[in-house]
Amino acid sequence: MDEEKLVRDLRKGDTDALRELIENCHTFVSSIIVRILRGRKSECEELTQDVFLTAWENRRKLKAGKIRPYLAVIARNKAFGFLRKYHEDLPLDEDILIFDDENIELRIERKELSEVLEEALNALPKEHRELFVRHYYYGQTVSEAAEAMGINESTAKSRLKRGREKLRKILLQKGVQPESAVNAPRLARQRTVNYFGRHNNERKNQI
Amino acid sequence: MKQYNISELMDSYTDNEFLIEGRSDSDAEAVIRGVMEKARPQKRLRLCFKILAAAALTAAVSVITAAALPAVVFKLSDGDTVIMEPNLIAIRSSVEEKSHDNIYKKEGGRVYFTFEGQNMDITDLISFDTAYYYWSELTDDQGTTHRRCIAVGGTPEHIGWAEAVWEGNEADGSHLRVISFNGSHCYYQYYVDGEVLSFWEWNEKYSSEYPMRDIKFNWVREIREKFEDFDKEHYDREELIWKYPLGWKGKKADDDIPKLANVFDGSYEIR
């Protein structure tokens, strides 16, 4: 699909372009959702519709070449939101990336962060990478991911730990700076705001 | 010690390696149907906002008696003001919480859109300057279908909603009728294919093709019940619409109109 033309037409409010977007991306979107919802197909269809409606309503934010990442963010938010709504969201084990040094600040553009994540994940062996993605991207528990991959839970935990270490290391190399170069300490939540340049809730619908 | 949530960081990542597309077996046509039913070109709503603004700012337009129900109504729910600009709907509230379960409900700090049996968490879709738009249809007493849009915007703490109903069906959807109100009279303007018309101009050109119809607003009945005991003087379904098109909440409607007008000329100051 010609994304530039598609985005142009979408921004004009062309519903034919919306149809084209759905035809091209609905399997991508629904595959993310059904994976997070652990196979619940009936809810998947409804949430998939919601994703495209949200994209349609926010179509001015669409950018050529970034359609899929944008849809993926919405799809993840919708799916995790659905689980949260029914109190079925799974707490991600050790979901926090810890930096020992208090005097650092993550200062990185979203595009760069995307590259850093790619680099960190590519530095992992494929099986480790898959586990990391299953757990942190699709929200599978460690035991679910371990079972799906045919490994035991303790192995999975140690692999995840290795992935976190790799990510932390690469972020330290590329994405963080001494805080003295930035600002005075703020609350962790506010850092998230700073780093994305806007509030979390708003960020969820941004590219 | 600094901490970052990895799952949130992963929003910047897109999995193209392990995702097996098509695994969901979702029905593309069903998704398209579902989306297309609700997705409408936004320009219609934006157009409506423009025209509402124009109507509010125009001092001398045709004055109509309360003989027919308005085709387009905007109102507040639990807020004082609904600001509508071409690209903006922002709702603020300075009054106590009120229940609007037929449109939305709040639970655990989240906002759920509940209109017409929906139950959708829209918290992350709305903000101070972003509204969630829901498109549906409204069938009047004569069986004519009208396009309708419900907009909910704001934040869980400061939220409100607005409703727009377009005169006519899909075919004549470009005929937009806007009402404004100065406390004693209703002012109509019609918008047809880019042209703003007074009622009389519109009537002369189009009335035979697009007869006005009464539209039954469910929410009007609800408002009436609220005010029935409070203000007998205004107890009348039609009158109520004229007097409280903006969702009167204990203030005289006369007080509300200048505020709305000021909003549209940019001089309104949010309290």
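Protein chains get the first letters and strands the later ones, always in sequence-line order, with residue 1 at the start of each. Scope of the values below: all heavy atoms of this structure, side chains included, with no hydrogens, waters or symmetry mates.
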With side chain to side chain contact (heavy atoms under 4.5 Å, CB included) as the test, pick out the partner of B/Val35 among A/Val51, A/Ile22, A/Asp50, A/Thr48. A/Ile22
Using a cut-off of 6.0 Å, state whether more than 12 heavy atoms not belonging to B/Gln118 lie near its atom CD. yes
Test of understanding: with side-chain contact (heavy atoms from CB on, under 4.5 Å), list the residues that count as partners of A/Ala17, not counting sequence neighbours. A/Leu6, A/Asp9, A/Leu10, A/Asp14
Of the backbone (N, CA, C, O) and the side chain (C-beta and beyond), which part of B/Glu17 lies under 4.5 Å from a heavy atom of chain A, both, or neither? side chain
If I compare all heavy atoms of B/Ala30 with all of A/Glu45, which pair ends up nearest, and what's the gap? CB-OE2, 3.3 Å
Check: A/Arg76 and B/Met10 side chains under 4.5 Å, non-hydrogen atoms: yes
Rounded distance (nearest 0.5 Å) linking atom CD1 of B/Ile6 with atom CG of A/Leu117: 9.5 Å
Which atoms of A/Ile32 are under 4.5 Å from chain B, going by heavy atoms: the side chain, the backbone, both sets, or neither? both
Distance (rounded to the nearest 0.5 Å) between A/Lys78 NZ and B/Asp121 CG: 8.0 Å
side-chain contact (heavy atoms from CB on, under 4.5 Å) for A/Leu47 and B/Met120? Distances and angles first, verdict last. CA-CA 10 Å; A/Leu47 288 181; B/Met120 180 182 174; over 6 Å; no
Pairing residues for A/Phe132 by the ring-ring contact (aromatic ring centres under 6.0 Å, His included) criterion, not counting sequence neighbours: A/Tyr136
How far does CZ of A/Arg35 sit from CZ of B/Phe18, to the nearest 0.5 angstrom? 8.5 Å
Check this for me: A/Glu127, atom CD, are more than 12 non-hydrogen atoms of other residues, nucleotides or ligands nearer than 6.0 Å? no
Rounded distance [0.5 Å steps], CD1 in A/Ile74 versus CG in B/Leu125: 8.5 Å
When the 4.5 angstrom heavy-atom criterion is applied to A/Arg19 and chain B, the contacting part is both
Do you know which two heavy atoms are closest between A/Phe28 and B/Asp15, and how far apart they sit? CE1-O, 4.3 Å
Is there a side-chain contact between A/Glu118 and B/Tyr13, using heavy atoms and a 4.5 Å cut-off? yes
When rounded to the nearest 0.5 angstrom, what is the spacing between CG in B/Asp124 and CG in A/Asn77? 6.0 Å
Starting from the C-alpha separation in whole Å, work towards a yes-or-no answer on side-chain contact (heavy atoms from CB on, under 4.5 Å) for A/Tyr70 and B/Thr14. CA-CA 9 Å; A/Tyr70 185 50; B/Thr14 305; over 6 Å; no
A/Glu46 atom CD, over 12 foreign heavy atoms within 6.0 Å: no
Distance col, row A/Asp16:CG vs B/Met36:CE, nearest 0.5 angstrom, shows 7.0 Å
